[in-house]
*Asks:* 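Okay, here's the structure, questions in a sec.
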Amino acid sequence: MRIETGVNLQPHNTLGLPAMAETLIHIETERGVRSVVNHPVYGRAPKFILGGGSNVVLARDLSACVLKIEIAGRRLLEEREDAWIIEAGAGEPWHDLVMWTLAQGWPGLENLALIPGTVGAAPVQNIGAYGLELADRLESVIAVDLITGRTVELDARQCRFGYRDSVFKQALAGKSVITRVRLRLPKPWQPVLGYLDLQRKLEENPGVAPSPDQIAAWVCEIRRAKLPDPALIGNVGSFFKNPVVTAEQCRDIIARDPHLVHYPMDDGHFKLAAGWLIDACGWKGKAIGHAAVHDRQALVLVNRGGARGAEIITLANAIQVSVYGRFGIRLEPEPIIVA
Ligand code: EPU
């Protein structure tokens, strides 16, 4: 482990927000986590766990001890009759893992290509895109308890996955560090092509039975067309969750706004496209100070350069107020907000 003090976290969060960390500890091994737990000073200090910083809004300085997880490594743990089991270190970039598994001939993660962030952050918010969620491919999560230093393995049920949610965002927030993630890639491979954007790609390429690599390439194309590259313009992907409403609420809104984008859920509720709601309120491309709504996807807030966390939060609040005013729906932020 390597300890730094008085560190600006701007290069460590994809929104590029300036926030100071009193202490930043780089952790490269599981043993490193235990060294922190047993450390005379840092052992008892409150902890904040940082991966790629792609799902966090830092709107203040951090007095908690920031643990930057940089644990590397990836391997085929086991080949079963019905699946490949892959294990990766929490610090590996997620997209690199997806591309590596495909290159090895172990498909199953292609719909999750190009999602920013690290492997260790993937279970925290149960990343998902184009009809697939991490929960669908998770075998288990290996984590170290920050009080006892013990290593625990949690299966998918124990991770209590929900829509962009897990036990690591709730009861275990700040209490344990994910060090390794095990994924189960089922055999035989079956493509997941139900999402509208992928259906369009199929229609544009009639007669093609897409390979896993082809699907990954399509997903990358779709994402690049809509979502800003955090390396070029600061953002954390979707800023709000897609809200869930009752059938009655949904009917009510459609009566006033017939174009409402809505998806029926198995339990009779409807999921609405938050991006559509924000767009309908006229926010696309609008800015408050240096914080702006992306001009191709209203669900993404961007740092146009020089924004502070407070500006992003002011913009997010203004969006929430106008969506509530027009549709009666409270939008819930998707990233972890540190304010
Ligand atoms: N829409 C608009 N205007 C906008 C944005 C969207 O009208 O400005 C409409 C679109 O036309 C479409 C619908 O809203 O009919 C949904 O848009 P899209 O397919 O782009 O997906 P999303 O619901 O906005 C979700 C995830 C994304 C994920 C995509 C694809 C959430 C909060 N977001 O976005 O995840 O990549 O589906 O599966 O669930 C992320 O979590 O950071 C993220 C990017």
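FYI, the numbering just counts along the sequence from 1. Atoms within each ligand, like the ligands themselves, are counted from 1 in listed order.
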*Asks:* Check whether any protein heavy atom sits under 4.0 Å from atom 2 (C) of ligand 1.
*Replies:* yes

*Asks:* Suppose we measure from atom 24 (O) of ligand 1 to each protein heavy atom; which comes out shortest, and what is that distance?
*Replies:* Gln297 NE2, 3.1 Å

*Asks:* Applying side chain to side chain donor-acceptor pair (under 3.5 Å) to Trp218 and Glu204, what does each step give before you reach the verdict?
*Replies:* CA-CA 11 Å; Trp218 283 347; Glu204 287 163 22; over 6 Å; no

*Asks:* At what distance, to the nearest 0.5 angstrom, does CZ of Arg60 lie from CZ of Arg308?
*Replies:* 14.0 Å

*Asks:* Phe270 vs His262 aromatic rings, parallel, tilted or perpendicular, using cut-offs 30° and 60°?
*Replies:* tilted

*Asks:* For atom 25 (C) of ligand 1, what is the nearest protein heavy atom, given as residue, atom name and distance?
*Replies:* Asn242 ND2, 4.1 Å

*Asks:* Could a heavy atom of Gln125 be found less than 4.0 Å from some atom of ligand 1?
*Replies:* no

*Asks:* Can you figure out which of Phe240, Tyr163, Phe239, Tyr263 has its heavy atom closest to atom 12 (C) of ligand 1?
*Replies:* Tyr263

*Asks:* For ligand 1, which atoms, with element, lie under 4.0 Å from some heavy atom of Asp279?
*Replies:* 2 (C), 3 (N), 4 (C), 7 (O), 8 (O)

*Asks:* Is Arg296 near ligand 1, meaning one of its heavy atoms is under 4.0 Å from it?
*Replies:* no

*Asks:* In terms of atom number and element, which parts of ligand 1 are under 4.0 angstrom from non-hydrogen atoms of Lys226?
*Replies:* 18 (P), 19 (O), 20 (O)

*Asks:* Please say which of Leu331, Ile319, Ile312 ends up in a side-chain contact (heavy atoms from CB on, under 4.5 Å) with Phe239.
*Replies:* Ile312

*Asks:* Write out the residue and atom name of the closest protein heavy atom to atom 9 (C) of ligand 1, then the distance separating them to 0.1 Å.
*Replies:* Trp276 CB, 4.1 Å

*Asks:* Sort out for me which residue in Arg182, Arg74, Arg184 forms a salt bridge (charged side-chain N to carboxylate O under 4.0 Å, His left out) with Glu87.
*Replies:* Arg182

*Asks:* Which residue owns the protein heavy atom closest to atom 38 (O) of ligand 1, what's the atom, and how far is it?
*Replies:* Tyr130 N, 2.7 Å

*Asks:* Treating Ser166 as the side-chain partner and Val124 as the backbone partner, does any N or O pair qualify as donor plus acceptor under 3.5 Å?
*Replies:* yes

*Asks:* Looking at Asn13 and Gly53, would you say the former's side chain and the latter's main chain have a donor-acceptor pair under 3.5 Å?
*Replies:* no

*Asks:* Against heavy atoms of Glu334, which atoms of ligand 1 measure under 4.0 Å?
*Replies:* 40 (C), 41 (O), 42 (O)

*Asks:* Going by side-chain contact (heavy atoms from CB on, under 4.5 Å), Val144 matches just one of Thr179, Ile178, Val36, Val152. Which one?
*Replies:* Thr179

*Asks:* Output the list of atoms in ligand 1 that are nearer than 4.0 Å to some heavy atom of Ala273, sorted by atom number.
*Replies:* 13 (C), 14 (O), 16 (C)

*Asks:* Is it the case that the ring center of Trp189 lies less than 6.0 angstrom away from the ring center of Trp106?
*Replies:* no

*Asks:* Which ligand 1 atoms does Arg164 reach within 4.0 Å, using its non-hydrogen atoms?
*Replies:* 26 (C), 27 (C), 31 (C), 33 (N), 35 (O), 39 (O), 40 (C), 41 (O), 43 (C)

*Asks:* If you count the atoms of ligand 1 from 1 in the order shown, which ones are under 4.0 Å from a heavy atom of Tyr195?
*Replies:* 18 (P), 19 (O), 21 (O), 29 (C), 30 (C), 37 (O), 38 (O)

*Asks:* Check ligand 1 against Gly237 and write out every atom of the ligand that is under 4.0 Å from a heavy-atom position of the residue.
*Replies:* 42 (O)

*Asks:* Among Ser238, Ala274, Ala298, Gly275, which one has a heavy atom closest to atom 42 (O) of ligand 1?
*Replies:* Ser238

*Asks:* Looking only at non-hydrogen atoms, find the nearest pair between Lys284 and Ala298 and report the distance.
*Replies:* CE-N, 4.2 Å

*Asks:* Show me which atoms of ligand 1 lie under 4.0 Å from any heavy atom of Arg223.
*Replies:* 36 (O)

*Asks:* Is the shortest heavy-atom distance from the side chain of Ser140 to the side chain of Arg180 under 4.5 Å?
*Replies:* no

